[in-house]
Structures are given as structure tokens and as C-alpha cells.
Colleague: 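Please see the structure below; I have some questions.
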Amino acid sequence: MRSVIVVGGGISGLAAAWQLRGHADVTVLESHTKVGGKLRTGTIAGISVDEGAESLMSLRPEAVELAAAVGLGNALCDPAASPTTVWTHGALRPLPPGHVMGVPTDPAALAGTGLLSAEGIARIAAEEGLPAEPLTEDLSVGAYLGARFGREAVDRLVEPLLGGVYAGRADRLSLRAAMPRIAALAEQGGPLLPALRRMKAAGAPRSGAVAVQGVAGGTGRFPQAVARACGARILTGTTARSLQRLPGDRWRVLAMTADGPLTMEADAVVLALPAFAAAELLRPHAPLAEAELAAIPHASTAVITMAFSRPQAHFLPEGNGFLVPPVDGHLLKAASFLSNKWAWLHDAAPATFVLRASIGRIGEDELLSRPDRHLIRAAIAELHRAVGPMGEPLAARVTRWDRGLPQYGVGHRERVARIREAASKLPGLALCGAAYEGVGVAACVATGRAAARRVAVPA
Ligand SMILES: Cc1cc2nc3c(=O)[nH]c(=O)nc-3n(C[C@H](O)[C@H](O)[C@H](O)COP(=O)(O)OP(=O)(O)OC[C@H]3O[C@@H](n4cnc5c(N)ncnc54)[C@H](O)[C@@H]3O)c2cc1C
């Protein structure tokens with residue numbers, strides 16, 4: 001049987017290990033004490049809550065299908081029905097349904113929401129009358145959508161969504177890589193509004209269907225279940241330090257563990273790592289790939305989880321939470337009212353209200369350099385302004401995700417093509433993870449499985 005070492009035990013690496021089950025003898029090296037990477041469930045006030053990703057996209061099948069395949073089908077659950085809400089102009093304001101990543105399909109539905117001025121709404125409606133040559137180059141989301149719909153729409157509707165998914169900014173993220181569905185329409189030419197309406201009508205999910213699903217007990221259960229089901233040897237607390245190419249297209253991995261160095265050899269290696277970590281290992285073997293990977297910027301974020309005693313709280317918010325546009329100058333990027341959003345969490349702890357606030361977009365490192373207690377106080381103060389005076393939490397915890405989210409800048413897809421081309425010259429080596437074709441869990445599962453297919457047979 002072919003032997004494969006998967007470096008990185010996040011969901012991408014575990015999906016690769018799953019894909020290889022029965023076809024290869026697989027070892028997963030994970031530097032942390034537990035597998036899962038950004039899918040991590042911890043406890044606060046004795047309650048299990050997600051500290052990283054809290055949902056899996058369900059319109060794209062890869063993550064929910066894998067979760068079902070590893071025995072979590074019954075644990076998959078829909079969030080409570082609630083509109084996406086933006087905290088802007090001093091109030092929580094629901095986005096009208098029908099938007100695509102914040103880009104509206106029905107400008108008239110924005111009237112009366114308080115999200116945009118009358119001029120801003122008229123500017124969106126005017127998009128249908130603007131000339132629209134097919135887009136032939138990659139542009140930033142802000143440059144393209146700003147020219148089509150006006151800056152106000154970018155600032156108040158699109159930026160909050162980009163902050164939520166990428167911790168990124170519209171003027172830096174690539175339209176092609178961060179909003180591929182909209183880029184595909186732009187490349188066809190013609191006004192976007194009617195094209196978006198047609199796209200929505202053609203692909204409209206059945207009534208009541210949701211775009212994401214959670215895992216009862218926390219999405220952190222998902223990587224654990226994949227790790228158990230894939231049959232791979234999982235070595236936690238093991239950090240790969242370097243790679244060596246051996247004769248016969250084999251690989252040697254030099255790793256460090258708490259007990260000292262560890263050397264392993266295999267027919268193939270899958271690097272399921274953040275871009276900067278993959279860059280380190282590739283430096284001696286593919287300098288071009290190393291340079292391109294190292295050039296991918298990353299945003300750091302922090303998740304502040306808080307538990308309130310329901311009987312003692314002055315006030316508890318309704319809805320699933322809110323997103324925040326940076327233009328309003330608030331610290332918060334988003335808040336998720338977990339006890340409202342996930343029935344399993346409410347049922348597990350009915351006397352407690354759990355929420356999480358997120359802070360940190362690209363370029364906000366000064367904010368994140370502040371101590372935990374400062375971030376907690378600042379988050380509470382802003383939550384009080386946004387939703388009302390909830391009182392003091394029973395418990396609060398800050399989880400920091402240093403360089404947690406890769407930023408798909410303008411030209412990202414071409415950069416990834418160059419990385420993949422350079423890596424393809426290394427037989428028996430494949431790359432996967434959030435740095436390449438999507439940061440969401442479903443996209444990561446897809447890259448993991450594709451990487452496994454690339455190394456499953458000898459080159
Ligand atoms: C706060 C936050 C919230 C998010 N929310 C969502 C969400 O709700 N829905 C969604 O779809 N996506 C969400 N995402 C994005 C998504 O969770 C990640 O993009 C995805 O989980 C990345 O998986 P990965 O396996 O590619 O990388 P990682 O999860 O980063 O896994 C890489 C693993 O490699 C290990 N490692 C690193 N270096 C080495 C080494 N040298 N040797 C051995 N091991 C090493 C790390 O410890 C880590 O476990 C969120 C991300 C963050 C940060």
C-alpha cells in the first residue's frame with residue numbers, strides 16, 4: 001500500500017486522510033494537542049461552544065456530505081430562521097432577502113430599512129442602465145461593485161458580509177476569488193441586477209432551506225469524527241519542521257514532538273497547512289511556490305465568547321446576531337447570538353444565554369494587540385450600544401486566531417495557479433487548505449479530497 005503523510009490536522013488534512021482510506025497507509029501530523037484547526041469546540045460556563053467556525057455551508061455539499069458520512073448526519077441542524085442583520089446608522093437593520101453576499105437584487109426592498117440613503121438606493125437601481133462590457137480582468141470587490149452600485153452599497157451592504165467571511169476589506173479582496181458567482185456574471189457582460197435576479201430565481205433554494213448548517217454539540221465534533229472514521233494514524237503534538245526529497249520520488253518529514261525529533265518517510269506528502277506554514281516547508285524544494293505562498297496576506301481575528309445568566313440579564317437580544325460595516329467605526333465586526341441561533345445550545349443550557357462577538361479585520365492588528373480584559377470590556381460596551389444593556393456576563397473568554405484567515409487579494413486565482421504549477425513539479429506532493437480555492441469549510445474539504453486524489457497513485 002502507498003504511504004502518505006498528511007501534514008496538518010485541520011479539516012482540509014482530515015478530508016484528505018478520509019479520501020485516502022483503504023487506498024493508502026496514512027499518517028496525519030498535527031502540531032496542536034487536538035485535531036481540528038479552526039474547527040474547535042471549547043467550554044464556557046460549562047457549556048460546549050464553538051470557538052472558531054460555527055457553521056458549514058449547506059448549499060455547497062462537500063462539508064455536510066462528509067459530516068453525514070462520518071456519522072454526524074443526525075447532528076446536522078439548521079440555524080433559527082432570521083434575516084442577516086447589519087448594525088449601522090445606530091440601529092440593527094435586517095437586509096432584505098434576495099441579496100448575494102450583500103449585493104441586492106431588489107433595490108426597492110431597501111426603502112425604509114434605514115440601511116442606505118434614498119440616493120444610495122437610487123444609485124443601485126440605476127445599475128440596470130449602466131453600460132456593462134464583459135469584465136476581462138480581476139478587480140477588487142470594492143472597485144467593481146462600487147462602479148456598478150455606488151460606494152454606499154459597498155460600504156453598508158457588502159463590507160459587513162466580507163468582514164464576516166474573510167475578515168477582509170472590499171478594496172483589497174479579489175472579485176474573482178472572493179465573489180466568484182458575481183465575477184462569473186460580470187465576465188458575461190450586461191447589467192448585474194437582472195443577471196443576479198435570474199441567478200437567484202434559477203437557483204433559489206426550496207422554501208425554508210438555509211445556506212448553512214451547524215453540528216449539535218459544536219462543529220468541533222466534525223474533525224474529531226473524520227479523524228476517527230478515516231482510519232489514519234494521527235500524531236498530535238507533532239510539528240513538521242522540514243521536508244526532504246528522497247530517491248524514487250519519496251519524501252522524508254522531519255518533525256518535532258514533546259519527546260524529541262521524529263523522522264518519517266512516505267511515498268507522498270499532503271501539505272494541509274496555512275499558506276505561511278506550507279511556504280516554510282517548500283522553501284528548499286519550490287522557491288517560486290514558497291514566495292507566492294508567503295505573499296498571501298492573512299487577517300488575524302479574535303472571538304469573544306460570553307455567557308449571561310438569563311434570569312439576571314437586564315435584557316436579551318432577539319435574532320441570530322448582526323454584522324458591522326467598518327465605515328461606522330465600531331470595534332465589533334460581528335456578533336452571533338448562539339443561544340438564539342442554535343436550538344441545541346439553548347436546549348443544553350436553557351438558563352444561560354451565550355453569544356460571541358468577533359473583532360479584527362485585515363489591518364486591525366493594533367486592536368488585537370490589546371489584552372483580553374480590554375477586548376472583553378470593549379465588546380460588552382459595544383454590545384450594549386447595539387442591542388441594549390445586557391448586564392455583566394457570568395463568564396467571558398477571548399480566543400485569538402492569529403493569521404487565521406487568508407486574504408484573497410486581486411489576482412489570487414492566478415497566484416494559486418502559479419503555486420499549483422510549481423508544486424506539480426514535485427512528484428508525490430500535494431497542497432490543500434484554506435489558502436487556495438475558498439476559506440469556507442466546504443471548500444477546504446473539497447481541496448483536501450482533491451489533494452488526496454493527486455497523491456493516491458504514483459506520479
Ligand atoms: C474565527 C473563524 C471563524 C470561522 N467561521 C467559519 C464558519 O462559520 N464557516 C466556515 O465555513 N468557515 C469558517 N471559517 C473558516 C474555516 O474554519 C477555515 O478556513 C478552515 O477550517 C481551515 O481549515 P484548514 O484545515 O485548511 O486549516 P486549519 O484549520 O488552519 O488547519 C491547519 C492545521 O495545521 C496545523 N499545523 C500548522 N503548522 C503545522 C506543522 N508545521 N506541522 C503540523 N501541523 C501543523 C495547525 O495546528 C492546524 O490544526 C472560520 C475561520 C475562523 C478563523
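One-based numbering, in listed order, for ligands and for the atoms of each. Remember, predicted model here, so these are calculated numbers, not experimental data.
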Colleague: In this structure, does ligand 1 have an atom that sits under 4.0 Å from one of the heavy atoms of E54?
Modeller: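 Per 4.0 Å heavy-atom rule, E54 contacts ligand 1.
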
Colleague: What protein heavy atom is closest to atom 24 (P) of ligand 1, reported as residue, atom name and distance in Å?
Modeller: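 Looking only at protein heavy atoms, the one closest to atom 24 (P) of ligand 1 is S12 OG, 3.3 Å.
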
Colleague: List ligand 1 atoms under 4.0 Å from G52, heavy atoms only on the residue side.
Modeller: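 Listed by number with element, the hits are 3 (C).
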
Colleague: Of the protein's non-hydrogen atoms, which lies at the shortest distance from atom 4 (C) of ligand 1, and what is that distance?
Modeller: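 That would be A53 CA, 3.5 Å.
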
Colleague: With respect to E51, determine whether any N or O atom, backbone or side chain, lies less than 3.5 Å from an N or O atom of ligand 1.
Modeller: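 Such a contact does not occur with ligand 1.
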
Colleague: Within a strict 4.5 Å, meaning less than it, do heavy atoms of the E265 and L246 side chains meet?
Modeller: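 In short, these two side chains touch, coming nearer than 4.5 Å.
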
Colleague: Which atoms of ligand 1 sit under 4.0 Å from any heavy atom of V7?
Modeller: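 Here the atoms of ligand 1 in question are 42 (N), 43 (C).
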
Colleague: Between V303 and ligand 1, does any nitrogen or oxygen pair lie at a separation below 3.5 Å?
Modeller: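 No, no N or O pair falls under 3.5 Å.
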
Colleague: Give the residue and atom name of whichever protein heavy atom lies nearest to atom 31 (O) of ligand 1, and the separation in Å to one decimal.
Modeller: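 The protein heavy atom lying closest is G10 CA, 3.4 Å.
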
Colleague: Looking only at N/O atoms, are G440 and ligand 1 under 3.5 Å apart anywhere?
Modeller: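 No.
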
Colleague: Could you pull out, from T301, V445, V253, L273, the option with a heavy atom nearest to atom 39 (C) of ligand 1?
Modeller: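 It is L273 whose heavy atom sits nearest to atom 39 (C) of ligand 1.
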
Colleague: Quick one, R377 with E392, criterion salt bridge (Lys or Arg N to Asp or Glu O under 4.0 Å). Give me CA distance, side-chain angles, the key distance, then yes/no.
Modeller: CA-CA 10 Å; R377 293 302 338 149; E392 286 298 307; 3.0 Å; yes

Colleague: Please report whether ligand 1 has a polar contact with A240, defined as an N or O pair separated by less than 3.5 Å (distance criterion only).
Modeller: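 Among all N and O atoms of A240, at least one is under 3.5 Å from an N or O of ligand 1.
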
Colleague: Just checking N74: does its CG atom have more than 12 heavy atoms from other residues, nucleotides or ligands closer to it than 6.0 angstrom?
Modeller: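 Open.
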
Colleague: Among Y408, Y166, F276, W401, find the residue that satisfies the ring pair (Phe, Tyr, Trp, His ring centres under 6.0 Å) test when tested with H298.
Modeller: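 Exactly one candidate clears the test, F276.
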
Colleague: Considering non-hydrogen atoms of the protein only, which is the closest contact for atom 51 (C) of ligand 1, and what is the distance?
Modeller: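 Its nearest protein heavy-atom neighbour is L405 CD2, 3.9 Å.
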
Colleague: Going by heavy-atom distance to atom 49 (O) of ligand 1, choose the closest among E30, R40, H32.
Modeller: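 When every heavy atom of E30, R40, H32 is considered, E30 comes closest to atom 49 (O) of ligand 1.
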
Colleague: Would you please determine whether V212 falls within less than 4.0 Å of ligand 1 on a heavy-atom basis?
Modeller: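 Not so, V212 does not reach ligand 1.
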
Colleague: So which heavy atom in the protein is nearest atom 1 (C) of ligand 1, and how far is it from that ligand atom?
Modeller: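 Going by distance alone, atom 1 (C) of ligand 1 is nearest to W401 CD1, 3.5 Å.
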
Colleague: Quick one: nearest non-hydrogen protein atom to atom 44 (N) of ligand 1, plus distance?
Modeller: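 Going by distance alone, atom 44 (N) of ligand 1 is nearest to S31 N, 3.1 Å.
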
Colleague: Have a look at L14, I11, V439, V6 and point out the one with the heavy atom closest to atom 23 (O) of ligand 1.
Modeller: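 Considering heavy atoms of L14, I11, V439, V6, the nearest to atom 23 (O) of ligand 1 sits in I11.
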
Colleague: Evaluate the criterion side-chain hydrogen bond (donor to acceptor under 3.5 Å, both in side chains) for residue pair E382 and W87; output intermediate values, then yes/no.
Modeller: CA-CA 11 Å; E382 285 215 340; W87 180 30; over 6 Å; no

Colleague: Numbering the atoms of ligand 1 from 1, which are under 4.0 Å from a heavy atom of G433?
Modeller: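 In order of number, 26 (O).
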
Colleague: Before signing off on this row, confirm whether G404 and ligand 1 have an N or O atom pair separated by under 3.5 Å.
Modeller: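 Such a contact does not occur with ligand 1.
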
Colleague: Mind checking whether K38 has an N or O less than 3.5 Å away from an N or O of ligand 1?
Modeller: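 Yes, there is a polar N/O contact under 3.5 Å.
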
Colleague: Any nitrogen or oxygen of S55, side chain or backbone, less than 3.5 Å from one on ligand 1?
Modeller: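 Yes, at least one N or O pair falls under 3.5 Å.
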
Colleague: Can you tell me the protein heavy atom closest to atom 11 (O) of ligand 1 and the distance?
Modeller: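 Of the protein heavy atoms, V441 N, 2.8 Å lies nearest.
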
Colleague: Side chains of L429 and L282: closer than 4.5 Å at any heavy-atom pair?
Modeller: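 SC-SC contact between L429 and L282 confirmed.
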
Colleague: Does the side chain of K333 reach to within under 4.5 Å of the side chain of E364, using non-hydrogen atoms?
Modeller: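 No, their side chains stay 4.5 Å or more apart.
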
Colleague: Atom 22 (C) of ligand 1: which protein heavy atom is closest, and how many Å away?
Modeller: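 Protein heavy atom at minimum distance: C444 SG, 3.7 Å.
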
Colleague: Given E51, which of K34, R40, R356, R400 fulfils the salt bridge (Lys or Arg N to Asp or Glu O under 4.0 Å) condition?
Modeller: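 Checked K34, R40, R356, R400 against E51; only one passes salt bridge (Lys or Arg N to Asp or Glu O under 4.0 Å): R40.
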
Colleague: Is any side-chain heavy atom of L323 closer than 4.5 Å to a side-chain heavy atom of E159?
Modeller: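 They are not in contact (no side-chain heavy atoms under 4.5 Å apart), so the answer is no.
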
